[in-house]
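So the structure is just underneath, and the comments pick up after that.
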Amino acid sequence: MTVTNGTSQNGHASATLADAQELYIGGSYKPAAKNATFPVVNPMTGKTLYQCASASVEDYSAAIDQAQEAFGSWKKTPPSKRRLIFLKAADILESYLTQDAPEILSSEVSATKSWINVNILATAGILRETAGLVTHIKGEIVPADRPGTTILVEREAVGVVFAISPWNAPVNLTARAIATPLICGNTVILKPSEFSPKSQHLVVRALTAAGLPAGCLNFLPTSPDNAAAVTEFSVKHPAVRRVNFTGSDRVGRIIAGWASQCLKQCVLELGGKAPVIVLEDANIEDAVEAVVFGGLSNAGQICMSTERVFVHESVAEVFKSKLLERVKSLKVGNPNEEEGVSISGLYSPASAQRVVGLMKDAISKGAKLLCGDLEISGPNKTILAPHILEGITTTMDLFHKEIFGPYLCLAQFSSEEEAIALANDSEFSLCASVFSRDVMRALDIAREVRAGSCHVNGPTVYIEATLPNGGTGGASGYGRFGGMAGVEEFTERKIVSLAKPGMRYAF
Ligand code: NAD
């Protein structure tokens, strides 16, 4: 099947998936300096899909200049025009679902059909929701104590925003990284993951085709070897006024360090280790469904994935048997070869090996394997069936490290206090869930769990564009993306005071 890259309104040439993905700087597609490229590999097959342009510091420097130039007019573009571009882009992006998006997403990140739908349809929703924010970016008039004075607190765009977004929900997270910054009147330099440039480029394509002016959004994939250099350069560049990063806490800490050296504000959306607490009065069927969805969607490769399940000892056996029955019904494999696959391959063979290694370590320390055979299959050794372990304890790495794989681990508790202590025994703080038929009891527990979001009787994987998503510090990072919280992050308040003529002062 030939996959077209589409022809944008700006007249960019079509390309197939096998063609190189170029950089997009100042409204033009171009190769990287010195024609540098890196291979993008299909994780399911291990075969190279295409050579992608690998941006250098020189390319980033040129893009930041372009973004800085475009900022001058984009920040003054009327809200209705900005909104229309976003609304059009949402429709265009949706149309990719019946064009090349499925092949791009399945070949770059082994996406299942439902994950492809989430990536395209939910992202169209993000663009529409963000479009609606444009007339809510408001300032205020503050009463002045000084006679003859009017005080305006205006909310203004900050300038160039450097955004880094990952491969795991490549379309959604790209839109999230750039949409609010752009709608607020900023311009953006986007560094996609080296694993998924074309998937992430779908958002750039849609916004460009919808008429986003040249220079407002610049797309610069780069090879893993260049990642640190271009990121340090961009974070520290004086024209870059804000940084947002969605990725691991390892890289988040490095970026926070660079940003702190120049006292630059960042949004860091990092990893998770979401706990689920199942109380003795929970609806067990509901809890099982939510744990399976929350733990195994996208093969567990979601920051909000359910990673630790704490079940009251009185319902542990019934929960376990229903969970095992449900998990065993899931189809594992290559969604391009079989219908109805819910669990596809992981994003790299190394990731699959790491997940198995952590499970083996936990088993050697006393955890019991209830489901799964610790075997990795598939032509590139990336397919891992869902695994369930019980008896995990705080002495195991599996309890503390983000796993990012198709596994669930169970532990029992006997009191609410113990459940809360177990849930909070983590460096991560992104999200959590509590299951109980007594909603007020669950609410009390939700208030004690340290997490940016805690869902009652619903899965840990839950996000809406309007919500202020993010962690509460530590390894999950800081700052919030959605709704007005995102507007706060990517705008600045400016106090403008107006004094009446003829004012006189103390001396
Ligand atoms: P990653 O941190 O491994 O990689 C992110 C990027 O950093 C890559 O593009 C890589 O090239 C670059 N990089 C690597 N080394 C670097 C260095 N020394 N300096 C600068 N840049 C460097 O993360 P990932 O694999 O892209 O994404 C997976 C992670 O993202 C998981 O931890 C997941 O939980 C997290 N995530 C968080 C959210 C959220 O909303 N909180 C959402 C999705 C994913």
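Just so it is clear, the structure is predicted and the values come from calculations on it, not from any experiment. As the structure lists them, so they are numbered: ligands from 1, and atoms in each ligand from 1.
Annotation for ligand 1: atoms under 4.0 Å from non-hydrogen atoms of Ile254 are 18 (N).
Interatomic distance, Ile120 CD1 to Glu94 CD, rounded to the nearest 0.5 Å: 9.0 Å. With values rounded to the nearest 0.5 angstrom, His201 atom NE2 is found 11.0 Å from Glu108 atom CD.
Nearest protein heavy-atom neighbour of atom 39 (C) of ligand 1: Cys303 SG, 3.2 Å. For atom 17 (C) of ligand 1, the closest non-hydrogen atom of the protein is Ala228 CB, 3.9 Å. Summary of contacts: the protein heavy atom closest to atom 22 (C) of ligand 1 is Val251 CG1, 3.6 Å. Closest protein heavy atom to atom 43 (C) of ligand 1: Leu173 CD1, 3.2 Å. In this structure, atom 25 (O) of ligand 1 lies nearest to the protein heavy atom Trp167 NE1, 2.7 Å. Atom 33 (C) of ligand 1 has its closest protein heavy atom at Phe404 CZ, 3.3 Å. For atom 3 (O) of ligand 1, the closest heavy atom belonging to the protein is Ser248 OG, 3.7 Å. Considering only non-hydrogen protein atoms, atom 27 (O) of ligand 1 sits nearest to Pro166 CB, 3.5 Å.
Contact annotation: Phe428 has no heavy atom less than 4.0 Å from any atom of ligand 1. Ligand 1 lies within reach of Phe245, whose nearest heavy atom is under 4.0 Å from it. In this structure, Phe195 has no heavy atom closer than 4.0 Å to ligand 1. Residue contacts with ligand 1: Met304 is excluded, as none of its non-hydrogen atoms falls under 4.0 Å.
Residue-to-ligand polar distances keep Trp258 apart from ligand 1: every N/O pair is separated by 3.5 Å or more. The shortest N or O to N or O distance between Lys191 and ligand 1 is below 3.5 Å. Residue Thr246 has no nitrogen or oxygen atom sitting less than 3.5 Å from a nitrogen or oxygen atom of ligand 1, judged on distance alone.
Side chain to side chain, Thr180 and Glu489 fail the donor-acceptor criterion of an N or O pair below 3.5 Å. Counting only N and O atoms by type, the side chains of Asn117 and Ser114 include no donor and acceptor under 3.5 Å apart. In the model, Thr306 has a side-chain atom that pairs as donor or acceptor with a side-chain atom of Thr460 under 3.5 Å.
More than 12 heavy-atom neighbours from other residues, nucleotides or ligands sit within 6.0 angstrom of CZ on Arg450. Within a 6.0 Å radius of NZ in Lys47, other residues, nucleotides and ligands contribute 12 heavy atoms or fewer. Applying the 6.0 Å contact sphere to CD of Glu58 captures no more than 12 heavy atoms from other residues, nucleotides or ligands.
At a heavy-atom distance under 4.0 Å, only backbone atoms of Leu270 (N, CA, C or O) approach ligand 1. Counting heavy atoms closer than 4.0 Å to ligand 1, residue Asn168 contributes side-chain atoms (C-beta onward) but none from N, CA, C or O. By the criterion of a heavy-atom distance under 4.0 Å, the side chain of Leu430, and not its backbone, is placed next to ligand 1. When heavy-atom distances to ligand 1 are checked against a 4.0 Å cut-off, Arg176 comes that close only through its side chain, counted from C-beta outward.
Ion pairing between a basic and an acidic side chain is recognised when a charged N comes within 4.0 Å of a carboxylate O; Asp361 and Lys401 show no such pairing.
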Where do Phe490 and Ile183 land on the side chain to side chain contact (heavy atoms under 4.5 Å, CB included) test, with the steps shown first? CA-CA 10 Å; Phe490 300 108; Ile183 206 76; over 6 Å; no

Test side-chain hydrogen bond (donor to acceptor under 3.5 Å, both in side chains) on Gln200 and Ser196; report intermediate values, then the result. CA-CA 6 Å; Gln200 297 181 251; Ser196 53; 2.6 Å; yes

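With Arg155 as the partner, the side chain to side chain donor-acceptor pair (under 3.5 Å) test is satisfied by one option alone out of His136, Glu492, Glu488: Glu488.
Taking all heavy atoms of Arg250, Glu194, Glu402, Gln301 into account, the minimum distance to atom 31 (C) of ligand 1 is reached by Glu402.
Contact check for Phe404 versus Asn168: side-chain heavy atoms found under the 4.5 Å cut-off.
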